[in-house]
Amino acid sequence: MARTLKNSEIADAFEELATLYELDGAVLYRVVAYRTAAKSIRESGVSVAQMAAQGQAEQLSGIGKTIAEKIAALVETGSIPAADKLKARIPAGLVAITNIPGLGPKRTRLLYEELRIESLEDLRRAAEDQRLRTVQGFGAKAEEKVLTALAAGADGRPRIRTLLSSALALGEELVEGLRDHEASLRVELAGSARRWAETCKDLDIVAAATDPAALVEAFTRLPAIDEVVTSGEAGAKALTHRGLTVDLRIVAQESFGNLLQHFTGSARHNEALRTKVVKRGLHVSEYSVTDDATGAVHRCTTEEEVYELLGMAYIEPELRENRGELDAASSGELPELLTLADIRGDLHCHTTASDGRDSIEQMARAAQERGYGYVAITDHSATHGFGNHVTPDELKRQIERIRAVDAAMEDFRVLAGTETNVLPDGSVDYKDDLLAELDWVVASVHTSFGIGENEMTDRMVAAIEHPLVDVIGHPTGRLIGRREPYAVDLGRVIEAAARTHTFLEINANPNRRDLDDVHARVAARAGVTILIDSDAHGTETLANMRFGVATARRAWLSAADVANTRSWDDLRALRPRG
DNA sequence: GCCGTTTTCGGCCCGACTGTTTTCAGTCG
């Protein structure tokens with residue numbers, strides 16, 4: 001074994017194995033079992049490779065004896081024998097073909113058996129030569145669809161997902177546009193955007209209207225809409241100028257709750273929800289809940305009614321990921337999630353002293369206008385590598401400037417801080433006597449991402465153990481969709497933070513969301529107090545706090561789990577230095 | 001292949017759409 005496999009790498013291997021089994025014609029339930037296992041591995045907050053090494057992989061839901069053995073084989077030898085056998089028999093190109101719209105595993109396999117199509121290039125030639133139509137179930141339309149998809153640049157990879165911040169801005173604009181229309185009764189954003197997921201594949205909007213046709217018409221004329229794909233009484237599908245697909249569904253007001261619940265998802269949540277209640281003779285769909293025992297058809301105007309009919313407490317959208325929320329809702333053990341209104345201060349932001357755009361005073365006034373009681377000014381230290389370098393002498397002058405702004409403000413604290421770089425050896429940029437003059441110290445890794453996992457973990461633990469470090473900023477360094485987390489043993493980081501009372505940050509920048517929901521949940525359960533920071537580089541991005549709050553809600557956190565739901569005096573008492 | 005208020009076997013969510021069919025399988029969300 002060269003190195004410890006990441007959960008995402010193990011999950012990818014099982015995702016691939018599922019597709020291989022699917023192409024091989026395995027029974028569907030077996031394929032689904034592998035996909036469920038892959039998802040479970042991906043979302044595990046602890047290292048599955050380590051669990052497997054200790055023979056504990058079966059503790060994860062969806063992992064039984066067979067899959068646990070395969071995980072162990074993968075971790076020990078780097079490959080799964082069953083997958084190797086399948087790969088020897090099934091051309092690698094078939095996996096890519098299954099990602100072409102309309103071509104699933106069954107039809108891909110049929111094309112391979114009948115026409116020996118084993119790559120996207122083979123597929124294109126067969127469609128051009130009108131040979132696809134010689135296969136049972138394929139016609140001229142299928143050839144046309146294949147060629148359209150390939151011409152549109154389909155390369156067999158799933159489509160890139162859009163960052164939540166972009167999708168949400170667009171979704172909110174569309175929803176407002178629809179609500180303004182006289183025919184609309186109710187309009188809500190649904191789907192992954194409503195669950196505040198990290199990224200969105202598309203946007204889902206659900207509505208009830210006095211005149212559905214008029215609302216659909218209005219929808220297709222909204223400025224953000226570029227091209228209408230389909231439209232009818234029940235809704236429409238359209239492409240925005242940004243290239244994001246939007247689905248609008250319209251339903252009778254009496255079923256609005258069913259529709260909203262259905263299209264908010266997640267698919268996993270709905271699947272598990274339905275499986276759970278079907279045993280009691282209850283069937284859930286986007287139109288109603290039906291009861292076998294009484295024959296009753298319950299249509300619900302609100303989601304609350306849907307969950308109540310199923311014997312559950314209302315489940316907030318952020319929790320609907322099939323991570324235990326169904327059992328908790330049935331037994332009355334759901335947490336009371338924190339809200340944006342609980343946040344009382346922001347302890348990580350930048351000014352023109354480093355790479356920010358606004359002054360200390362502008363940032364402080366903007367934070368006060370948001371209703372906060374305090375803000376910490378935390379510019380980058382000198383070895384950050386770019387932006388203006390705050391040398392020790394410059395930091396002393398910055399502290400004086402911060403004290404002056406603080407003195408000029410009423411009922412608001414402006415705290416002198418830094419976001420100091422954690423050097424490869426685990427030391428931080430400023431000397432202890434200078435750090436001690438500050439009210440607040442964020443320590444973050446910004447350089448030398450490529451050092452090994454052990455070295456990186458030691459580096460971070462050293463920073464955590466520094467008595468003047470209050471919080472570790474963006475603990476994994478990932479940029480969503482652009483940069484993987486650096487190799488670090490978060491289990492050890494979390495253990496050290498819990499032991500020293502050092503906070504761990506949920507960085508609210510929508511590109512970061514770091515810690516993510518899964519690890520923030522693990523950290524909080526391990527006794528770490530979480531801090532949510534905007535990392536704003538200008539007054540307007542203080543508003544990114546909402547993405548951090550969303551991550552915390554997805555991590556099942558209550559106000560008590562989060563440090564900056566407290567006053568500054570209460571918060572500082574929780575710190576390592578007391 | 002997994003799982004259990006149906007517990008070691010027999011189940012495993014729901015509905016719409018599409019293109020191709022004469023009654024539906026496959027795909028998608």
Side-chain angles (χ1 to χ4, degrees), chain A residues 14 17-18 21-41 57-71 80 82 97-111 132-146 149 158-159 190-192 200-206 229-230 232-235 237 245-249 251 255 258-259 261-290 292 297 306 310-311 322 326-327 330-331:
Chain A
F14 280 91
L17 182 54
Y21 272 131
E22 201 170 24
L23 286 164
D24 197 43
V27 285
L28 192 61
Y29 294 115
R30 195 159 152 218
V31 175
V32 169
Y34 278 98
R35 293 244 154 86
T36 305
K39 170 117 175 149
S40 189
I41 292 164
E58 281 184 69
Q59 287 174 7
L60 291 168
S61 80
I63 310 269
K65 193 163 173 286
T66 307
I67 293 182
E69 281 170 6
K70 288 186 163 76
I71 295 174
I80 306 168
I97 294 176
T98 62
N99 287 322
I100 299 288
L103 293 184
K106 294 268 168 55
R107 283 158 68 84
T108 297
R109 185 160 177 247
L110 193 60
L111 290 178
L132 292 187
R133 65 184 66 181
T134 63
V135 180
Q136 179 89 22
F138 287 79
K141 202 82 178 194
E143 289 168 348
E144 194 186 313
K145 272 183 71 175
V146 162
R159 271 191 44 220
S192 50
C200 301
K201 185 164 67 69
D202 54 21
L203 284 170
D204 293 290
I205 298 174
V206 303
V229 181
T230 60
E233 281 269 308
K237 183 198 275 280
T245 304
V246 187
D247 265 311
L248 170 68
R249 308 268 180 156
V251 73
S255 288
N258 302 103
L259 186 75
Q261 194 282 325
H262 176 80
F263 280 103
T264 296
S266 65
R268 300 273 175 177
H269 171 85
N270 285 345
E271 212 177 300
L273 177 79
R274 290 166 182 190
T275 304
K276 186 178 169 82
V277 300
V278 79
K279 296 172 179 130
R280 308 207 308 262
L282 298 169
H283 302 274
V284 182
S285 78
E286 59 259 60
Y287 303 108
S288 64
V289 176
T290 59
D292 287 344
V297 177
V306 176
L310 306 176
N322 193 27
L326 295 170
D327 287 343
S330 299
S331 59

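Owing to the predicted nature of the structure, the values given are computational and were not obtained by experimental measurement. In what follows, every chain begins at residue 1, and chains take the letters A, B, ... in the order their sequences are listed. Atoms considered below: every heavy atom in the structure, side chains included; atoms not considered: hydrogens, waters and symmetry mates.
Residue whose closest nucleotide on DNA chain B sits further toward the 5' end, between Ala234(A) and Lys279(A): Lys279(A). Of the two residues near DNA chain B, Ile67(A) and Gly102(A), the one whose nearest nucleotide lies more 5' is Ile67(A).
To the nearest whole angstrom, the two C1' atoms, one in dT18(B) and one in dT23(B), are 15 Å apart. Between the C1' atoms of dA25(B) and dT20(B), the separation comes to 10 Å (whole Å). Nucleotides dT6(B) and dC12(B), compared at atom P, are 13 Å apart to the nearest Å. For the C1' atoms, the distance from dT8(B) to dC24(B) is 36 Å, rounded to whole Å. Between the P atoms of dG15(B) and dG10(B), the separation comes to 27 Å (whole Å). Only the C1' atoms considered, dA16(B) is 36 Å distant from dT7(B), to the nearest whole Å. Look at the P atom in both dG26(B) and dT21(B): the space between them is 13 Å, to the nearest Å.
Using a 4.0 Å heavy-atom criterion, one finds that Ala190(A) contacts no nucleic acid atom at all. The residue Val27(A) sits apart from the nucleic acid: no heavy atom pair falls under 4.0 Å. Ala37(A) comes within contact range of no nucleotide atom at all, as no heavy-atom separation falls under 4.0 Å. Across all strands shown, Phe263(A) has no heavy atoms under 4.0 Å from either base or sugar-phosphate atoms. Within the 4.0 angstrom heavy-atom criterion, only backbone atoms of the sugar-phosphate kind lie near Ser61(A); the bases stay farther away.
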I would like to know whether Leu17(A) and Lys70(A) meet side-chain contact (heavy atoms from CB on, under 4.5 Å); could you show each step before the answer?
CA-CA 11 Å; Leu17(A) 182 54; Lys70(A) 288 186 163 76; 4.0 Å; yes

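Each side-chain hydrogen bond (donor to acceptor under 3.5 Å, both in side chains) pair with one or both residues in residues 272-282 of chain A, not counting sequence neighbours, appears once here: His262(A)-Arg274(A), Lys276(A)-Asp327(A).
The two residues Ala272(A) and Asn322(A) have their closest heavy-atom pair at CB-OD1, 3.5 Å. Heavy-atom minimum distance, Pro101(A) versus Lys145(A): O-CE, 4.5 Å. Shown here for Ala37(A) and Ile63(A), the closest heavy-atom pair between the two residues is CB-CD1, 3.8 Å.
Distance CZ/Arg35(A) to CG/Leu28(A): 9.0 Å, rounded to 0.5 Å.
Between chain A and DNA chain B, the heavy-atom contact criterion of under 4.0 Å yields a 5' to 3' nucleotide range of dG1(B) to dG29(B).
Ring geometry for Phe14(A) versus Tyr34(A): interplanar angle under 30°, hence parallel rather than tilted (30 to 60°).
With a cut-off of 3.5 Å on both pairing distances, the Watson-Crick or G-U wobble partner of dG11(B) is dC2(B).
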